[in-house]
**Student:** 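Sharing a structure, written as C-alpha cells. Questions coming.
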Amino acid sequence: MSGSNKKILLEQVADYVKDGDRVWTGGWTVVRKPMAMVYEVIKKRKKNLHLVGNPGGPETDLLIGAGCVIKTETNYIGHEVFGHPYNFRRKMEDEKHQGELFHDDWTVATGALRIMAGAMNIPFIPTRSLKGSDIINPSLDGFQALRGSDDKVPKKKVVLMEDPFWEGDTVALIPALKPDVCLIHAQEAGDDGTVSITGGAFLDYYAAVASGITIVSAERIVPREALEQTAESNVIPGEVVNAVLEVPNGAHPTALHRFYDNDPWWFKEYLEASKDEQRMEEWLEKWVYSMDHFSDYLEKIGFKRLQKLRANPVYGYNPDIKRRLDKLGGVT
Amino acid sequence: MSGSNKKILLEQVADYVKDGDRVWTGGWTVVRKPMAMVYEVIKKRKKNLHLVGNPGGPETDLLIGAGCVIKTETNYIGHEVFGHPYNFRRKMEDEKHQGELFHDDWTVATGALRIMAGAMNIPFIPTRSLKGSDIINPSLDGFQALRGSDDKVPKKKVVLMEDPFWEGDTVALIPALKPDVCLIHAQEAGDDGTVSITGGAFLDYYAAVASGITIVSAERIVPREALEQTAESNVIPGEVVNAVLEVPNGAHPTALHRFYDNDPWWFKEYLEASKDEQRMEEWLEKWVYSMDHFSDYLEKIGFKRLQKLRANPVYGYNPDIKRRLDKLGGVT
Amino acid sequence: MNVEEQAPDKTGKNKTSYSQLEMMVIASSRLLEDQERVLVGTGLPLVGAGLAKKTHAKDMVVIMEAVAFDSNPQSLPFCVADARAVYKTRWVPTAAEVMGHFLQGGRIDVGYLGGAQVDQYGNLNSTCIGDYYSPTKRFEGSGGASDIAALAKKTIIIMAHEKKRFVETVDYITSTGWKCRSYDGKSLVYRWELGLDGGPFAVVSTMGVMKFDANTHKMYVDYYYADLGVTLGEIINATGFDIDTSRAKPMEPPTLLELELLRTKVDPEGIYMKY
Amino acid sequence: MNVEEQAPDKTGKNKTSYSQLEMMVIASSRLLEDQERVLVGTGLPLVGAGLAKKTHAKDMVVIMEAVAFDSNPQSLPFCVADARAVYKTRWVPTAAEVMGHFLQGGRIDVGYLGGAQVDQYGNLNSTCIGDYYSPTKRFEGSGGASDIAALAKKTIIIMAHEKKRFVETVDYITSTGWKCRSYDGKSLVYRWELGLDGGPFAVVSTMGVMKFDANTHKMYVDYYYADLGVTLGEIINATGFDIDTSRAKPMEPPTLLELELLRTKVDPEGIYMKY
C-alpha cells in the first residue's frame, strides 16, 4: 500500500464504513475528534454501528443521537466540563428506548491495553486493574446478551487467572479490541498515509494498526517527502492507512493542538438541543443533513467564529478563549 | 524523583549494579550500546550478572569474557557482520567451562513483548510466535535447572493456552522481563533524566520503565528546559531515570546515530583477541583494567581514529568509513 | 455548591468570605505533598492540583491519563487531554504509558478523583444510579477512575456532601474502596483479599475531610468546616450512613494566598469554580 | 563461496564472470516482488533486498526488525539497526512495533532469512550444532528469525549449499519450516497443526533454488545454476537428504545490470560479498 497516493474526498469516507462495523474514533473526548468524517457518516445514515473508541466524546453522543449506533464499548462518553451526553443518557435511561443501545463499560487503562492487544494481534492481555469493580461483575455485563452469538463481541468480558510465572498474583485477562474501521483526524498527513500528530497521539497509532481499515483526515495533506524531516515524531506509518483526505477544521468543534481550540458556542447549542429528542433532530437537520459539504458547515459556523478559535502556535491552544458556557457571550 | 539534579560520575555507575543483578543493556547489537558504563562494571569486577538485554552485542560478549556473567537470557549475542561472539561460544562449547553460563534462548519479538510486559507490570503476555520452535521445547530449556529455585528466573519458560475470547487459537504465554538495572547510552539527556534518542530508541523506553534502576549516559547532559523544545520526540521521561552522566563517545566502539559510526579497528582487534582466553585477558588488561578513566581509553584510541568515526549529521552515519575487516588498513 | 459566607475573623488572616466549594478544593489540595506523583482526574482535581503546585507542592509531578506527565500548565486545562496540559512538558505520553505503564507499574503516589456517589468504604460510583440495565441516571462512566482507585498508592476523593451522594452502598462500584466487589459479584470483600494495594486516603467534601478508620475501614469525619458554620450534625444529616464524628477537628480556613491564587491564577474564569 | 567462473556465452548478454555467491544473491532477490512488504534479516538478505529495490521492485517495502520501516538506504546497512537503514524514512519504529505489531499482526508478506542449517522441511537452525546443552558449535541465536519464520506469509531462505548445512533434520529448530516441533518436543508436526500460517517458499543456495512439494512439503530442486557449471549430481552430493531433482530447470544467469548494480551500488565495498 505504501507506494500509492491515497487521497480521497470527504464524500467517499462513508464507503469505507459498513453498517454494523466496529468503529474506532481517534482523539480523546473533546480533543482531536474526527468530526468532519463523523458528520459524513451520519449524513449517509449508517446503521448499527458498534463504537469502540476509548474514550468517546461529542462524536459518540452525536452518532448515538442520529440513530447510527447499536453498541458502545468504552470507558467514557461525554463532553468533559462542557456538559452531559444527553443522547447516550436518553438511550440508557428511557423506558421507550430500552434495548436500542447495548453498552459495555470499561476503563481508560483497559481501553488502552485492549487496543494495544489488538495492534499486537494477540487475542487478550492481562491487567492488574478491574479487580473489585462492578465492571467485571459477571451479573452486570452490558454485552451479556450478545456474547457467543455476535461475532463482533468477545465470548467473555474477562477471565481471571493466576500468574504461573512469578508470584502467583491473580490477574484479569481482557479481550483485544478489533475495530473494523478507524477514523482519525490529524494536523498533517502525507499522501502516502504517514501521519504526524502533535499535542498527544492518544491511542491512535494502536487503533490504526489494530483496525481493518484506517482513514485519516488532516488539516494539510503534504507530499510524503516532507514527512522525512519529522520521521522521529511521525506517529502512524502510511502502511496501515488506507485513505487520507484534507479537511481543514476537520476536528471542529473539538480542539486541535496548534490549530484551534474547542468551540464553546457549538457545545452550548448542542447541549441545549441534545436534551430533547425533537430538538436534537432539528439540530441534525440544521448542521448535518442540510449541508452539502463540510465547507458549507464551516461557512455556517462563520469566519469570525473560526478566527476566535484559532490556537496560538507557541502555546498550542488559544489563551484568550472563554470556556465557561453559562457566561458565554456571542461571537463579537 | 523528577525535581532533582541526577548527575553522577562514571566512577559511581558500578555502585548501582549489584552482584547477581539482572542487567538490561540498551541499544541493539553493535549500535548505541552503553560501552563506557559496561567497561566500568567490568573494571569493578562485578560477578554473577544475569544479562537480559535483547539483543546482546559486544557488551554482552565482553561481560561474559571478563567473567562477570552467570546467566544470559536473550535472542542474540554477537557482533553482526563483524564476527562471532567468541567468549560466549567458549562458555557454551568448551568442556572445561560447562556450567559456568546458563543461557536461555529467546527471539526478537518475544524479547520485545517480554520487556513490554515488564514495563506494564503484568506478569506475562501472550504471543503468536514460538509455536513449532525448539525455543519452547520443554526438554531444551537453558534455565531448567534454575526454575523454581532462583527467584530472578520465572518458574516456567512458557505456558500454552487456548484463547477463551475469540476464535480459540492456541497462544503462548511468556513471562515478563524484570531487569534490576538498566544501562542506556543516548545522544542527549536532561539533568532531570529526560532522555532524547534519535535513529531508533529500540526497546530502551520499555526497559527503563521495567527496571528497578535506570542509569543513562549521554554525549551531552543539558539543562532540562532544553528538552521542552523536543517533547514530542523525547523517549524516556526523567521519572524513571535514577542517574545521568555525561560521557562523550560513551557508546564506542558501537555506532551512535548523528555522532559516530562503528569502529572497525576495535572490532578487528577484539575479535582476534577474544578467540583465545589468554589473549582476551591481555585485551582486558590493555583496554579496561589499566585505564584510570574512560578518557584515558579514548586517548589511547586516539584523536585521529575518533575523527575517522565521526558521523555526517545529515546522514546520521559516516558515508566514508570502511567496514570490511579483512581489508581494513590502518588509521591514516 | 455556591454557598458564600463571611469567614469569621478568628485568625485575623481570613478577613474575606469564601465558599464551601472553595474550602473543599483548598482542603483537598492541602493533602497533596511536594514531590508526589499525582494522577489527576478531570474536574475539580485539576483545580486542586493547580493550586497545590502554586502553593506548597511546587515540585509535585502532575500526571493526566490522556497525555500529560509532569505537567506545568500556565492555564487551567479543562480536561486531561487539553493542549494546556502539554505546554512546557518534556514528554508527551499516551494513556498506554500513563495508565498501562506508570499506573499499573505502581509508580503513582496519589490518585485524585471526583465521583457521583461514595459509600462508607470509599467505593466510588461514576457509572449510574439505580439498576445497571435500566438506570434512573446514567453517567459518563469510569474514564480512568476505576484504574486509578485500584492501582494508585492512595486516592483522594473530592465530592459535594449530599445525602444522595454519601450512601451506605453505592449503586455500582466503579472505583474500588476498602471493601469492594468479590469476583463472583455476590459479596463485598476487603481490597487486600483481591491483592489490591492502596485504597482511599480521604474524601474531601463541601462540609469536611473524611478519612477511614484503620480497623473498620469505614469513613469518619477528620475535619469539618467549622469556620464556615458547618456543624457535625449537618454532616450526619447529609450522610446516608452512620458516620463517626468523634475525632472531628475544625478545619483551618483558607489563607488569603490560597484564595487569591485560586481565584486569580488557578481558575480565574470560574470554569470549574463557577464564581 | 568465492567461486568465480567464466559465464558461458549462451544468451549473449552475460559476457562476464560471476560467482555462485552472486548468483545466489541475485536469484533470491528475483523472488522478491514489487509492493511486497519484506522483513529483511541481517547478512545477505540485506544485499538481496537492496538489489531488488534497485531493479524490479522499486516500491518494495523494506522492513528491518530493530528500527526500519519502508527503508531506502543509500548505503548498505551492515545490520538491521544501522543508521543507514533509518536515513530517508518517514517512521522510526522499534522492535515492539515491527515485530510485536506488524509481524505478529500478519502484515509481513515475505520473511527473507539466512541460517546455519536447513532441513528437508525448511526448518532453520541458527542456534547450535550438536547437543543443545553442550554444543560443538554455538551460534549467535535466533534474533528475529524464529518469529519471522512463524509469522510471515512466506519465507525465503538464503544459504550456502553444503552437506553439513543441508541436513535431514536440523540439530535445533530455531525457525519453523513445514514440519516442525510439537508442543511436547517429542515429535514433528505440520505447521498448520499448530495454527501457523505461512511457511518456507524457497531456499536459495549457492547451487540452485529449492522449493517445497505441495503435497509432501519436502524440498525439491526448482532451478540449478547450470550456467555456472553446477550439476544436479553435485546438488545431490551437497545435500544431506534425498532431494527430488526431477523438476529442476536451469537458472537464468545474472544480467549485466544485476551484476553491475550488485558490485558497484549495493555492496561496492564487498562487506557481505567479500569480493
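Within every chain, numbering begins at 1; the chains are lettered A, B, ... in the order of the sequence lines, protein sequences first and strands thereafter.
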**Student:** Quick check for you: among A/Gly142, A/Ser133, A/Ala201, A/Gly78, which has the greatest number of heavy-atom pairs under 4.5 Å with chain C?
**Tutor:**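 Winner by heavy-atom pair count: A/Ser133.
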**Student:** So which part of C/Leu124 gets closer than 4.5 Å to some heavy atom of chain A, the side chain, the backbone, both or neither?
**Tutor:**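 Contact with chain A is absent: no heavy atom of C/Leu124 under 4.5 Å.
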**Student:** So what's closer than 4.5 Å to chain A heavy atoms on C/Thr127: side chain, backbone, both or neither?
**Tutor:** side chain
**Student:** Would you find a donor on one side and an acceptor on the other, under 3.5 Å apart, between the side chain of C/Gln104 and the backbone of A/Ala109?
**Tutor:** no
**Student:** Can you check side chain to side chain contact (heavy atoms under 4.5 Å, CB included) on C/Val80 and A/Trp28, steps first, answer last?
**Tutor:** CA-CA 9 Å; C/Val80 294; A/Trp28 196 276; 4.1 Å; yes
**Student:** For C/Ser142 and A/Asn75, which I'm curious about, is there any donor-acceptor pair between the side chains at under 3.5 Å?
**Tutor:** no
**Student:** Please check this pair: side chain of C/Tyr133 against backbone of A/Asp141, looking for a donor-acceptor N/O pair closer than 3.5 Å.
**Tutor:**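 The answer is yes, because a donor-acceptor pair under 3.5 Å joins these two groups.
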**Student:** Among C/Ala145, C/Ala81, C/Gly141, C/Cys128, single out the residue with the greatest number of heavy-atom pairs under 4.5 Å to chain A.
**Tutor:**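 Highest number of heavy-atom pairs under 4.5 Å: C/Ala81.
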**Student:** Side chains of A/Glu93 and C/Thr136: is there a donor and an acceptor less than 3.5 Å apart?
**Tutor:**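 Absent: no donor and acceptor within the cut-off.
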**Student:** What part of C/Lys137 lies closer than 4.5 angstrom to a heavy atom of chain A: side chain, backbone, both or neither?
**Tutor:**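 Both backbone and side chain.
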**Student:** Test your reading of the model: is there a side-chain donor-acceptor pair from C/Asp147 to the backbone of A/Ser129, 3.5 Å cut-off?
**Tutor:**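 Looks like no, no N/O pair under 3.5 Å.
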**Student:** Which one of C/Ala66, C/Gly144, C/Ser146 has the most heavy-atom pairs closer than 4.5 Å to chain A?
**Tutor:** C/Ala66
**Student:** Do side-chain atoms of C/Glu269 reach the backbone of A/Arg324 as a donor and acceptor pair under 3.5 angstrom?
**Tutor:** yes
**Student:** For chain C, find which of A/Gly199, A/Ala311, A/Gly316 contributes the most heavy-atom pairs closer than 4.5 angstrom.
**Tutor:** A/Gly199
**Student:** Between C/Asp131 and chain A, which part of the residue has a heavy atom less than 4.5 Å away: side chain, backbone, both or neither?
**Tutor:**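 Looking at C/Asp131, nothing touches chain A.
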**Student:** For A/Gln144, is it the side chain, the backbone, both or neither that has a heavy atom under 4.5 Å from a heavy atom of chain C?
**Tutor:**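 For A/Gln144, the side chain is the part near chain C, not the backbone.
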**Student:** Which bit of C/Pro73 is near chain A, if near means a heavy-atom gap under 4.5 Å: side chain, backbone, both or neither?
**Tutor:** neither
**Student:** Which atoms of C/Leu103 come close to chain A, meaning under 4.5 Å heavy atom to heavy atom: side chain ones, backbone ones, both, or neither?
**Tutor:** neither
**Student:** For C/Tyr190, is the OH atom crowded, meaning more than 12 foreign heavy atoms sit under 6.0 Å from it?
**Tutor:**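 Count over threshold, so yes.
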**Student:** Considering only heavy atoms, which portion of A/Asn262 lies under 4.5 Å from any heavy atom of chain C: side chain, backbone, both, or neither?
**Tutor:**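 Side chain of A/Asn262 only, per the 4.5 Å heavy-atom cut-off to chain C.
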**Student:** For C/Asp197, I'd like to know if atom CG has over 12 heavy atoms of other residues, nucleotides or ligands within 6.0 Å.
**Tutor:** no
**Student:** Under 4.5 Å heavy-atom distance to chain C, tell me which part of A/Asn54 shows up: side chain, backbone, both or neither.
**Tutor:**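 Neither part, no heavy atoms under 4.5 Å.
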**Student:** Step by step, would you call C/Tyr132 with A/Asp105 a side-chain hydrogen bond (donor to acceptor under 3.5 Å, both in side chains)?
**Tutor:** CA-CA 11 Å; C/Tyr132 181 67; A/Asp105 273 293; 2.6 Å; yes
**Student:** Under 4.5 Å, counting heavy-atom pairs only, tell me which of C/Gly143, C/Gly270, C/Cys180 racks up the most with chain A.
**Tutor:**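 The candidate making the most pairs under 4.5 Å is C/Gly143.
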**Student:** Taking side chain as everything from C-beta outward and backbone as N, CA, C, O, which of these in C/Glu97 sits under 4.5 Å from a heavy atom of chain A? Side chain, backbone, both or neither.
**Tutor:**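 Answer is side chain: those atoms of C/Glu97 sit under 4.5 Å from chain A.
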**Student:** Work out which heavy atom in A/Asn318 is nearest to a heavy atom in C/Arg84; give both atom names and the distance.
**Tutor:**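 Heavy atoms of A/Asn318 and C/Arg84 come nearest at O-NH2, 3.1 Å.
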**Student:** Using non-hydrogen atoms and a 4.5 Å limit, figure out which bit of C/Phe139 sits close to chain A: side chain, backbone, both or neither.
**Tutor:**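 When you check distances to chain A, atoms from both the backbone and side chain of C/Phe139 fall under 4.5 Å.
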